[in-house]
Amino acid sequence: MPFWKPSLLQPQLEVQQQATPKSCILLFVDECGLGDKLLRQLQQQNQDVITVKVGQNLTKLNESEFTLNPQQPGDYDALIQELFKQQKLPKKIVHLWSVTPGCQQQLDFEKVEQAQTKGFYSLLFLAKAFGRQQTNDDLEITVISNNLQPVTPTELVSPEKATLLGAIKVIPQEYANITCRSIDVIIPANGSWQEQKLVESLLGELSISSCEKVIAYRSGNRWIQCFEPVRLEQAKSNTPRLKQGGVYLITGGVGGIGLVLAEYLATQVKAKLVLIGRRAFPKQQEWSEWLLSHDFNDVISCKIRKLQQLQQLGAEVLVLAADVTDLQQTQQAIASAYSTFGQLNGVFHAAGIVGGKSFAAIDKITKTDCEQQFQAKVYGLIVLEKVLKNTQIDFCLLLSSLSSVLGGLGFVAYSAANNFMDTFVHQHNQNHPVSWISVSWDSWQLETENQQSTSLGASVSEFAFNAQEGVEALQRILNYSQFNHVVVSTGELQARIDQWIDLKSFPQQTNLLSLHPRPDLQNPYVPLTNEIEQKIANIWQEVLGIKDVGLYDNFFELGGDSLLIIQVRNKLLKTLNKNLSIADLFEYSTISALAEYLGEKQVEQPTFQQADKRAKKKEEAMQGKRQLMKQRRKADG
């Protein structure tokens with residue numbers, strides 16, 4: 001269970017310690033005045049501060065003041081380019097655009113979109129802009145928000161801001177030289193002593209690099225987020241949460257996990273199941289004809305056979321097509337459930353995307369890709385709450401992901417969307433009599449239709465659990481009603497946080513005498529030819545614990561994964577002074593390809609024009625590869 005514990009205040013540096021030359025601080029100023037007060041204090045400390053406020057377009061008001069339009073990604077590029085020309089690239093960024101007046105208790109699409117523009121997307125565009133700069137200099141981003149974290153059960157929260165946490169966790173995982181942290185506050189009365197104390201505390205935070213990534217200040221006290229292991233026993237009550245013959249609705253109900261939930265409900269309580277999917281599905285009277293006229297391995301055929309198995313277990317099944325982000329379609333689906341079965345006892349929100357372009361490295365992902373992840377888990381959740389407002393259900397369980405806690409390479413939007421879900425339940429449960437719960441699941445390894453839901457990209461097999469283990473955890477969770485948010489991790493969670501978030505538990509240098517032999521790969525061993533290849537090989541050998549790595553050996557075929565590739569990136573930065581993106585390391589996954597790519601990288605800092613030209617050239621090459629693959633698939637039938 002997530003919980004908050006008190007922490008010591010960060011001591012502020014003494015004035016004499018601050019007399020040394022200061023690097024530039026980039027301050028994104030909020031509309032509540034907190035940024036202005038920080039600015040005055042930083043200027044009194046002789047800090048070189050450049051401020052950015054929301055405007056219609058990028059405008060240089062003077063040497064230290066800018067406005068930009070947060071809806072325009074190009075404004076962030078142009079800002080960083082201008083600072084680069086002035087030789088004022090910041091070492092620290094303080095981002096306060098998620099400090100806002102009031103706390104929205106009724107969310108709608110427009111309010112959520114506005115929060116993303118000045119929050120999640122602002123951080124995403126900043127990371128992209130600095131990534132294109134390809135500097136090796138360290139950058140620390142401190143994101144200050146208000147009403148984001150539910151430190152105490154009674155305080156108001158703004159779930160629309162929670163997507164920030166996805167960016168804060170994933171950006172440092174994908175960019176070796178960037179660190180991020182979140183500091184959430186409650187804004188005191190203007191001019192009060194509490195306000196002055198908060199400003200002093202934030203100045204103390206900015207003066208010291210902290211290993212703590214999720215921090216909150218409440219009434220002058222500093223809190224940090226932790227996770228406490230709890231054991232949930234099997235139910236001893238005679239009144240379990242699930243009712244025999246109960247009616248249960250599952251969004252994403254004909255997906256992999258949705259069907260696992262449906263089978264569990266059919267087996268346990270012979271449930272009446274309402275399965276909602278975004279795409280049209282054959283009507284029940286058409287199932288037999290469909291199976292006769294389609295291939296045995298056809299995806300829809302596999303689902304139909306599974307649904308027939310549920311009926312044989314004693315369940316009644318109603319499959320409906322509805323986009324959960326569409327209020328009218330979702331209302332019609334709920335109405336169909338009532339007209340068919342007469343009631344609704346519980347809801348499982350399992351809709352979401354677990355593959356496709358929306359899983360991409362930050363330097364590749366687009367706003368459209370991110371919005372795909374936000375559809376079911378953010379906007380669909382808002383619709384679901386409205387539709388279920390006056391229904392007498394027993395519970396609503398949201399299927400979130402462990403990526404909300406750990407992030408993950410290529411998971412910036414997915415992590416953001418799941419953080420929204422986890423925070424949304426706190427707001428809901430303060431305002432509604434029926435408690436909802438968000439469960440951040442580890443990886444589900446599903447045999448059905450060869451589908452898999454993952455939490456951390458390539459490095460999940462060690463932690464994945466099977467369907468039987470998943471439903472046992474689900475059964476125990478359902479027996480406890482006091483949770484808002486619970487995390488299911490098959491490995492010791494704090495150790496995984498240390499590796500993925502704090503990045504402090506990487507193994508020390510490997511003893512070269514203990515290296516394992518090179519595995520038997522399809523390609524033969526080819527010796528290295530130059531110094532840079534040898535340096536890359538040394539890093540791979542140290543990280544993978546393998547000797548005799550060859551020129552054309554693939555990092556992932558040697559046993560590499562997402563977590564290990566972070567170590568490779570950090571060691572390349574330290575050894576070769578080369579700042580590579582995670583996307584680069586996935587693309588150039590042999591020593592030969594990586595060495596050639598590093599040789600092509602210019603020694604001097606590239607201009608934005610050069611970086612854009614390279615990006616366009618790479619995208620053209622990728623489009624060519626994709627087109628070739630399509631042609632080959634078509635030729636293969």
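Hydrogens, waters and symmetry mates are skipped; everything else that's a heavy atom, side chains included, is used.
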Asker: Can you check whether Phe424 reaches Ser400 side chain to side chain, under 4.5 Å on heavy atoms?
Answerer: no
Asker: Rounded to the nearest 0.5 Å, how far does CD1 of Ile93 lie from CG of Leu139?
Answerer: 4.5 Å
Asker: Give a yes or no answer on whether the side chain of Gln116 reaches the backbone of Val112 with a donor-acceptor pair at less than 3.5 Å.
Answerer: yes
Asker: Where do Asn570 and Ala176 come nearest, in terms of heavy atoms and distance?
Answerer: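 Scanning both residues, the minimum pair turns out to be OD1-CB, 3.4 Å.
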Asker: Could you give the distance from CG (Leu107) to CG (Leu381), rounded to the nearest 0.5 Å?
Answerer: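 These two atoms lie 9.5 Å from each other.
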Asker: Over 60° means perpendicular and under 30° means parallel, so classify the ring planes of His95 and Phe28, tilted if in between.
Answerer: parallel
Asker: Return the CG to CD1 distance between Leu148 and Ile183, rounded to the nearest 0.5 Å.
Answerer: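 If we round to the nearest 0.5 Å, Leu148:CG and Ile183:CD1 are 12.0 Å apart.
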Asker: Would a 4.5 Å heavy-atom cut-off, applied to side chains only, mark Phe109 and Val383 as touching?
Answerer: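 Answer yes - side chains close enough.
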Asker: Tell me yes or no: between the side chains of Ser145 and Asn147, is some donor less than 3.5 Å from an acceptor?
Answerer: no
Asker: Got a sec: does the NZ of Lys60 have more than 12 other heavy atoms crowding it under 6.0 Å?
Answerer: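 Yes, enclosed.
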Asker: Angle between ring planes, Phe586 versus Phe556, binned at 30° and 60°: parallel, tilted or perpendicular?
Answerer: parallel
Asker: Taking Ser589 for its side chain and Phe555 for its backbone only, find out whether a donor-acceptor pair lies under 3.5 Å.
Answerer: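 No, Ser589 side chain to Phe555 backbone: no donor-acceptor pair under 3.5 Å.
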Asker: Any side-chain donor paired with an acceptor under 3.5 Å for Glu205 and Tyr217?
Answerer: yes
Asker: With a 4.5 Å heavy-atom cut-off, do Leu580 and Leu598 have their side chains touching?
Answerer: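 In contact.
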Asker: Quick one: does any side-chain atom of Trp4 pair with a main-chain N or O of Cys226 as donor and acceptor, under 3.5 Å?
Answerer: no
Asker: Could you pull out all residues at least two apart from Ser592 that satisfy side-chain hydrogen bond (donor to acceptor under 3.5 Å, both in side chains)?
Answerer: none
Asker: State, to 0.1 Å, how close Pro159 and Gln427 come at their nearest heavy-atom pair, and which atoms those are.
Answerer: CD-NE2, 3.4 Å
Asker: Can you name the closest pair of heavy atoms from Leu83 and Phe66 and give their distance?
Answerer: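 Heavy-atom minimum between the residues: CD2-CE1, 4.2 Å.
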Asker: Side chains of Val405 and Leu402: does their closest heavy-atom pair fall under 4.5 Å?
Answerer: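 Val405 reaches Leu402 side chain to side chain.
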Asker: Who are the ring-ring contact (aromatic ring centres under 6.0 Å, His included) partners of Tyr175, not counting sequence neighbours?
Answerer: none
Asker: Would you check if there is a donor-acceptor pair between the side chains of Thr100 and Lys161 at a distance under 3.5 Å?
Answerer: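 Side-chain D/A pair, Lys161 to Thr100: present.
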Asker: Excluding sequence neighbours, so at least two apart, what forms ring-ring contact (aromatic ring centres under 6.0 Å, His included) with Phe227?
Answerer: none
Asker: Go through Lys111 and Glu160 one step at a time and tell me if the salt bridge (charged side-chain N to carboxylate O under 4.0 Å, His left out) criterion holds.
Answerer: CA-CA 8 Å; Lys111 291 173 183 174; Glu160 69 274 16; over 6 Å; no
Asker: Shortest non-hydrogen contact from Gly35 to Leu27?
Answerer: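 Shortest heavy-atom separation between Gly35 and Leu27 comes out as O-CD2, 3.6 Å.
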Asker: Centres of the Phe120 and Phe374 rings: under 6.0 Å?
Answerer: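 They qualify: ring centres under 6.0 Å apart.
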Asker: Just to verify, what does Asn177 make a side-chain hydrogen bond (donor to acceptor under 3.5 Å, both in side chains) with, not counting sequence neighbours?
Answerer: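 Checked Asn177 against side-chain hydrogen bond (donor to acceptor under 3.5 Å, both in side chains); matches are Asn579.
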Asker: Apply the test side chain to side chain contact (heavy atoms under 4.5 Å, CB included) to residues Phe125 and Asp75: give CA-CA distance (whole Å), side-chain angles for both, the deciding distance (0.1 Å), then the verdict.
Answerer: CA-CA 9 Å; Phe125 297 154; Asp75 279 12; over 6 Å; no
Asker: Grab the two heavy atoms, one from Ser7 and one from Glu212, that are nearest each other, plus how far apart they are.
Answerer: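 Heavy atoms of Ser7 and Glu212 come nearest at OG-OE2, 3.9 Å.
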Asker: Answer yes or no: is there a donor N or O on one side and an acceptor on the other, between the side chain of Thr423 and the main chain of Asn419, under 3.5 Å?
Answerer: yes
Asker: Go through the steps for Cys180 and Val143 under the test side chain to side chain contact (heavy atoms under 4.5 Å, CB included), then give the verdict.
Answerer: CA-CA 7 Å; Cys180 294; Val143 182; 5.8 Å; no
Asker: Indicate yes or no for a side-chain donor-acceptor contact from Arg569 to the backbone of Glu174 under 3.5 Å, with no hydrogens or angles considered.
Answerer: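 Pair found, side chain donor or acceptor close to backbone of Glu174.
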Asker: Find out whether Lys37 and Asn190 are in side-chain contact, i.e. whether some heavy atom of one side chain is under 4.5 Å from a heavy atom of the other.
Answerer: yes
Asker: Please check: side-chain N/O of Glu533 versus main-chain N/O of Thr529, any donor-acceptor pairing under 3.5 Å?
Answerer: yes
Asker: Tell me whether Gln567 contacts the main-chain N or O of Glu542 through its side chain, where contact means a donor paired with an acceptor under 3.5 Å.
Answerer: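 Answer holds: no.
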Asker: Taking Lys53 first and then Glu65, would you say they form a salt bridge - that is, a charged N and a carboxylate O separated by under 4.0 Å?
Answerer: no
Asker: If we only count heavy atoms from C-beta on, is the Thr179 to Ser209 side-chain gap below 4.5 Å?
Answerer: no
Asker: Do Gln373 and Asp369 pair up side chain to side chain, a donor and an acceptor below 3.5 Å, judged on atom types alone?
Answerer: no
Asker: Going by the salt bridge (charged side-chain N to carboxylate O under 4.0 Å, His left out) test, name the single residue among Asp138, Asp137, Asp48 that passes it with Lys91.
Answerer: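 Exactly one candidate clears the test, Asp137.
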Asker: Please enumerate all residues that pass side-chain hydrogen bond (donor to acceptor under 3.5 Å, both in side chains) together with Asn538, with sequence neighbours excluded.
Answerer: Gln534
Asker: Using a strict 4.0 Å threshold on nitrogen-to-oxygen distance, state whether Glu371 and Lys367 make a salt bridge.
Answerer: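 No.
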Asker: State which residue, out of Asp30, Leu38, Asp184, fulfils the side-chain contact (heavy atoms from CB on, under 4.5 Å) condition with Ile144.
Answerer: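 With Ile144 as partner, Asp30, Leu38, Asp184 yield a single side-chain contact (heavy atoms from CB on, under 4.5 Å), made by Leu38.
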Asker: Can you check whether Leu206's main-chain N or O pairs, donor with acceptor, with Lys92's side chain at less than 3.5 Å?
Answerer: yes
Asker: Atom CD in Gln71, atom OG in Ser122: separation rounded to 0.5 Å?
Answerer: 11.5 Å
Asker: Is the charged tip of Lys128 near the ring of Tyr76: under 6.0 Å from the six-membered ring centre and within 45° of its axis?
Answerer: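 Here Lys128 fails the 6.0 Å and 45° test against Tyr76.
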Asker: Does any donor atom in the side chain of Ser581 or Asp584 lie under 3.5 Å from an acceptor atom in the other side chain?
Answerer: yes
Asker: At what distance, to the nearest 0.5 angstrom, does OG1 of Thr59 lie from CG of Asn57?
Answerer: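 Taking OG1 in Thr59 and CG in Asn57, the distance rounds to 4.0 Å.
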Asker: Just so I know, are the side chains of Arg218 and Ile186 near enough to count as touching, which here means a heavy-atom distance under 4.5 Å?
Answerer: yes
Asker: Evaluate the side-chain proximity of Leu8 to Arg222: yes if any heavy-atom separation is below 4.5 Å, no if none is.
Answerer: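 Heavy-atom side-chain distance check fails, nothing below 4.5 Å.
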Asker: What are the two closest heavy atoms between Asn418 and Ser401, and how far apart are they?
Answerer: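 Scanning both residues completely, I find the closest heavy atoms to be OD1-N, 3.2 Å.
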Asker: Go through Arg181 and Glu140 one step at a time and tell me if the side chain to side chain contact (heavy atoms under 4.5 Å, CB included) criterion holds.
Answerer: CA-CA 8 Å; Arg181 59 180 164 167; Glu140 181 182 279; 3.3 Å; yes
Asker: Donor-acceptor pair, Asn146 side chain versus Val185 backbone, under 3.5 Å?
Answerer: no
Asker: Checking Glu113 now: which residues fulfil side-chain hydrogen bond (donor to acceptor under 3.5 Å, both in side chains) with it, not counting sequence neighbours?
Answerer: none
Asker: Would you say Glu82's side chain and Ala78's backbone share a donor-acceptor pair under 3.5 angstrom?
Answerer: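 No: the side chain of Glu82 does not pair with the backbone of Ala78.
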Asker: Let me confirm one number: the CG-CD1 distance from Leu594 to Ile532, rounded to the nearest 0.5 Å.
Answerer: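 Rounded to the nearest 0.5 Å, the CG-CD1 separation comes out at 7.5 Å.
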